[in-house]
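Data first, discussion second: the structure below is written as structure tokens.
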Amino acid sequence: TAGGTQGLFDHIYPLVFPDQVVHAGGPAAYLALRDNFMALLSRSSIKENLTASLDVDDDPELLSRLPGRTLIIIGDGDFAWSQSVLDDACARIPNCQGVVLPRAGHVPYFEAPDGFQDAVAAFVADCEAGGGPPGGSAPTGPEAG
């Protein structure tokens, strides 16, 4: 509450983006991402969402009810997900495929757009072809393609 929107961004920036992205982007990327964050999110919307998150039913067994094919893409530098968390999620979700993108963090579509697009394109093509992993399959990386 005391730090405001910019304080929250400053706290989560090094968590969300891995070292490689922070280093490569330098101050210009930090300022652009911070300005975007602050333009999109107000103090009240952040508070509302964080408060609402306290009441969410986050029972992992609910994942087994997802009806369609599922693709989970994470970065290997994600602060919230790891290979073992991805393995556990894919084991619970029927028809799940997991992809780990190297040198990406919590926002892989931004940090590794080519790898992200390749993974999504391969997943969509496989869905259209009628293929798919059996329920709870192990995750695969982009090189397993």
Side-chain angles (χ1 to χ4, degrees), residues 5-6 8-145:
T5 307
Q6 183 172 336
L8 177 61
F9 180 81
D10 287 343
H11 177 72
I12 66 172
Y13 180 69
L15 296 173
V16 172
F17 298 101
D19 294 344
Q20 301 92 332
V21 173
V22 171
H23 179 71
Y30 164 80
L31 292 171
L33 291 166
R34 184 195 67 191
D35 289 350
N36 187 50
F37 181 86
M38 293 178 66
L40 293 173
L41 301 168
S42 68
R43 187 180 194 122
S44 62
S45 69
I46 292 169
K47 182 178 180 181
E48 182 179 331
N49 283 290
L50 290 173
T51 301
S53 73
L54 299 174
D55 295 326
V56 172
D57 183 0
D58 60 358
D59 179 357
E61 291 303 320
L62 294 173
L63 295 172
S64 67
R65 297 183 194 167
L66 290 173
R69 298 230 3 234
T70 303
L71 173 64
I72 301 173
I73 302 174
I74 68 168
D76 67 357
D78 194 321
F79 74 99
W81 285 75
S82 65
Q83 182 69 58
S84 60
V85 172
L86 182 61
D87 292 344
D88 291 348
C90 286
R92 291 182 185 276
I93 300 170
N95 297 311
C96 180
Q97 177 183 349
V99 174
V100 178
L101 297 180
R103 292 175 188 65
H106 194 65
V107 193
Y109 59 86
F110 176 78
E111 300 150 345
D114 293 337
F116 184 87
Q117 291 175 22
D118 290 347
V120 171
F123 180 77
V124 170
D126 194 47
C127 288
E128 289 174 342
S137 71
T140 59
E143 62 281 343

Separation between [atom1] of [X] and [atom2] of [Y], rounded to the nearest 0.5 Å:
{"X": "I74", "Y": "Q83", "atom1": "CD1", "atom2": "CD", "value": "6.0 Å"}
{"X": "F123", "Y": "T70", "atom1": "CZ", "atom2": "OG1", "value": "6.5 Å"}
{"X": "D126", "Y": "R69", "atom1": "CG", "atom2": "CZ", "value": "4.5 Å"}
{"X": "L86", "Y": "C96", "atom1": "CG", "atom2": "SG", "value": "7.0 Å"}

* **Results of side chain to side chain contact (heavy atoms under 4.5 Å, CB included) for L33 - residues two or more places apart only** => F9, Y13, F17, F110
* Got V120 and I73 here, is their nearest side-chain heavy-atom distance under 4.5 Å? -> yes
* To do: Go through V124 and L71 one step at a time and tell me if the side chain to side chain contact (heavy atoms under 4.5 Å, CB included) criterion holds.
  => CA-CA 10 Å; V124 170; L71 173 64; over 6 Å; no
Using a 3.5 Å cut-off and no angle test, enumerate the donor-acceptor pairs between side-chain atoms of residues 46-55 and protein atoms at least two apart in sequence or in another chain.
| residue | atom | partner | partner atom | Å |
| --- | --- | --- | --- | --- |
| N49 | ND2 | S45 | O | 2.7 |
| T51 | OG1 | K47 | O | 2.8 |
| S53 | OG | L50 | O | 2.6 |

* Structure fact -> Shortest non-hydrogen pair, V99 vs Q97, comes out as CG2-NE2, 4.0 Å
* Asked: Nearest heavy-atom pair of R43 and T5: which atoms, and what distance?
  -> N-OG1, 3.7 Å
* **Verdict with supporting geometry, I93 and I72, side chain to side chain contact (heavy atoms under 4.5 Å, CB included)** => CA-CA 10 Å; I93 300 170; I72 301 173; 3.9 Å; yes
* Check the surroundings of atom CG in D19: do more than 12 heavy atoms from other residues, nucleotides or ligands lie under 6.0 Å from it? => no
Quick one: side chains of residues 101-109, donor-acceptor pairs under 3.5 Å with protein atoms, not counting sequence neighbours, listed by atom name and distance.
| residue | atom | partner | partner atom | Å |
| --- | --- | --- | --- | --- |
| H106 | ND1 | D78 | OD1 | 2.9 |
| H106 | ND1 | D78 | OD2 | 3.0 |

* To do: Let me see the working for L8 and F37 under side chain to side chain contact (heavy atoms under 4.5 Å, CB included), right down to the final yes or no.
  => CA-CA 10 Å; L8 177 61; F37 181 86; 4.1 Å; yes
